[in-house]
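See below for the structure under consideration.
Lettering follows sequence order; numbering is per chain, from 1.
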Protein chains: 2
Amino acid sequence: MAIIRNTIAKKAVFEIIQLNKTAMSQTEIFAKVNNICDRVTVYRILERLVKEVKIHKIVNINGVINYAPCNSCSHEQHLHHDHLHFSCTTCKKLTCIADNHIELNIPSNYQVAEVFLTVSGICPDCIIMA
Amino acid sequence: MAIIRNTIAKKAVFEIIQLNKTAMSQTEIFAKVNNICDRVTVYRILERLVKEVKIHKIVNINGVINYAPCNSCSHEQHLHHDHLHFSCTTCKKLTCIADNHIELNIPSNYQVAEVFLTVSGICPDCIIMA
DNA sequence: TTTATAAACGCAACAATGTTGCATAATTGT
DNA sequence: ACAATTATGCAACATTGTTGCGTTTATAAA
Ligand SMILES: [Zn+2]
Ligand SMILES: [Zn+2]
Ligand SMILES: [Zn+2]
Ligand SMILES: [Zn+2]
């Protein structure tokens, strides 16, 4: 069952995520929805969008959860979305980088589900500023 | 300057981290120190141990920060500690796995500092249980 | 051993992020 | 239009981490 509804708030949240070049936290997204809904609703919409494989969840190196659209990643790719994330230590922005297939050197008695590859450093924009 | 002191609480925290096979969060560590110090002190001790390169910090896939000893990783390795972390979705335990050197497929205009590689799935212990 | 000094600590208060329960509102298929 | 159920608002709570400040304690020097 579970009929999916396309509400105003949901459309707004999804559009905000899609239009942004970098991943965004719930706090940043809520700041942009201009009070069309409660902050709790944003959390619940994000949950739903993840479940619907329209966005994906990324933990930044500081522990804050960010969300980015699933443009580049297909449905199967998403399940083991092994693309790389770049976390800028200067501007704190988190960016999805093209797929980066890697060889896992891991004992065979571990059952692998998803791979999370995040690289910290300085992004092009911040290098120019420096 | 900055004289490093080896206090009772610090020794206890370090020992707890060393004796545990998997990485631990501040909450888990504080639960084990048996009230020999305040929870804020645990946070501050962890900070210091990271700075002294005795332990390293790992963000779990749920955003919670965990700590593990720097046994296997040498001083240089630590700076770009490119070993792999396994995050069990069943028991929630986070384990350091042997070094896993990878080829980064990343545009040259990004300045890379550290690589964080975390794999989710089911750990050997939980596979046996299932 | 005593003393001086900076490091470490306790406590209370705060801040950020995320979750839950429940009554109400809105969307969709019939 | 109506019923079914999805989605929302609001308040309250939970967890994780931080800050300020006065007090205690470890260490090195006297
Ligand atoms: Zn940047
Ligand atoms: Zn991504
Ligand atoms: Zn497990
Ligand atoms: Zn590790």
Side-chain angles (χ1 to χ4, degrees), chain A residues 1-17 22-68 87 89 92-94 118, chain B residues 1-17 22-68 87 89 92-94 118:
Chain A
M1 299 290 146
I3 293 152
I4 293 168
R5 288 186 190 175
N6 223 359
T7 63
I8 296 163
K10 189 178 165 192
K11 274 186 267 185
V13 167
F14 186 47
E15 199 179 72
I16 287 165
I17 295 172
T22 55
M24 303 174 85
S25 65
Q26 182 275 348
T27 308
E28 292 171 301
I29 294 163
F30 178 62
K32 284 209 169 191
V33 296
N34 224 56
N35 282 319
I36 68 168
C37 70
D38 192 74
R39 68 187 200 89
V40 178
T41 303
V42 172
Y43 276 110
R44 297 202 258 228
I45 287 171
L46 290 170
E47 242 173 64
R48 273 180 277 152
L49 289 171
V50 167
K51 204 169 285 173
E52 294 168 21
V53 200
K54 286 187 174 166
I55 62 175
H56 65 284
K57 211 181 209 177
I58 322 133
V59 181
N60 206 340
I61 56 170
N62 52 22
V64 176
I65 291 168
N66 279 253
Y67 301 88
S87 177
T89 52
K92 313 295 175 196
K93 286 198 176 114
L94 188 65
T118 303
Chain B
M1 297 292 143
I3 294 154
I4 293 169
R5 288 186 190 175
N6 223 358
T7 62
I8 296 163
K10 188 178 166 191
K11 275 185 269 186
V13 167
F14 186 47
E15 199 179 73
I16 288 166
I17 295 172
T22 55
M24 303 175 84
S25 65
Q26 182 276 347
T27 307
E28 292 171 301
I29 294 163
F30 178 62
K32 285 209 168 190
V33 296
N34 225 54
N35 282 321
I36 67 168
C37 69
D38 192 76
R39 66 186 202 91
V40 179
T41 303
V42 172
Y43 276 110
R44 297 201 259 230
I45 287 170
L46 291 169
E47 243 173 63
R48 272 180 277 149
L49 288 172
V50 168
K51 205 169 285 173
E52 293 167 22
V53 198
K54 285 187 176 166
I55 62 175
H56 65 284
K57 209 182 212 177
I58 320 135
V59 181
N60 205 341
I61 56 170
N62 52 20
V64 176
I65 293 167
N66 278 255
Y67 301 88
S87 177
T89 52
K92 313 294 176 197
K93 287 197 177 115
L94 188 65
T118 303

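- Residues from residues 27-37 of chain A that place a heavy atom under 4.0 Å from any atom of DNA chain C, listed by number: A:Thr27.
- Rounded to whole Å, the distance from NZ on A:Lys51 to C1' on D:dT6 is 13 Å.
- In this structure, CG on A:Leu94 lies 9.0 Å from CD1 on A:Ile61, to the nearest 0.5 angstrom.
- Rounded to whole angstrom, the span from the CD1 atom of B:Ile65 across to the C1' atom of C:dT17 amounts to 12 Å.
- In this structure B:Thr89 satisfies the side-chain contact (heavy atoms from CB on, under 4.5 Å) test together with B:Ser120, B:Ile122, sequence neighbours excluded.
- Taking OG1 of B:Thr22 as the reference point, atom NZ of B:Lys92 lies at 14.0 Å (rounded to 0.5 Å).
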Task: Per-nucleotide protein contact string for nucleotides 24-30 of chain D, where B marks a base within reach and S marks sugar-phosphate only (heavy atoms under 4.0 Å, - for neither) - done: -BBS---
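- The stretch residues 40-49 of chain B touches DNA chain D through B:Val40, B:Tyr43, B:Arg44, each having a heavy atom under 4.0 angstrom from the strand.
- Applying the side-chain contact (heavy atoms from CB on, under 4.5 Å) rule to B:Lys32 yields the partners B:Ile16, B:Asn20, B:Met24; only residues at least two apart in sequence or on another chain are considered.
- For B:Arg39, the side-chain contact (heavy atoms from CB on, under 4.5 Å) criterion is met by B:Gln26, B:Phe30, B:Tyr43, not counting sequence neighbours.
- With rounding to the nearest 0.5 Å, the separation of OH in B:Tyr67 from NE2 in B:His56 is 12.0 Å.
- In this structure, the separation between CD1 on B:Ile65 and CG on B:Leu46 is 10.0 Å, given to the nearest 0.5 Å.
- Between the base of C:dG10 and the side chain of B:Arg39 there is no donor-acceptor pair shorter than 3.5 Å.
- In this view, B:Asn34 satisfies the side-chain contact (heavy atoms from CB on, under 4.5 Å) rule with no residue, not counting sequence neighbours.
- Taking CD1 of A:Ile55 as the start and CD1 of A:Ile29 as the end, the distance is 6.5 Å to the nearest 0.5 Å.
- Between A:Asp38 atom CG and C:dT24 atom P there is a gap of 17 Å when expressed in whole angstrom units.
- Atoms CG and OG, from A:Asn62 and A:Ser87 in turn, are 6.5 Å apart once rounded to the nearest 0.5 Å.
- Atom-to-atom, CD of B:Glu52 to C1' of C:dA7 comes out at 12 Å; the value is rounded to the nearest Å.
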Review item, side-chain donor-acceptor pairs of residues 3-13 of chain B, under 3.5 Å, at least two apart:
residue, atom, partner, partner atom, Å
B:Thr7, OG1, B:Lys10, N, 3.3
B:Lys10, NZ, B:Arg5, O, 3.4
B:Lys10, NZ, B:Glu52, OE1, 3.1
B:Lys10, NZ, B:Glu52, OE2, 2.9

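- Summary for the helix from C:dT1-D:dA30 to C:dT30-D:dA1: the axes at its two ends, each from 5 pairs, differ by 30° when rounded to the nearest 10 degrees.
- A:Ser25 meets the side-chain hydrogen bond (donor to acceptor under 3.5 Å, both in side chains) test with A:Glu28; sequence neighbours excluded.
- Partners of A:Lys93 by salt bridge (Lys or Arg N to Asp or Glu O under 4.0 Å), not counting sequence neighbours: none found.
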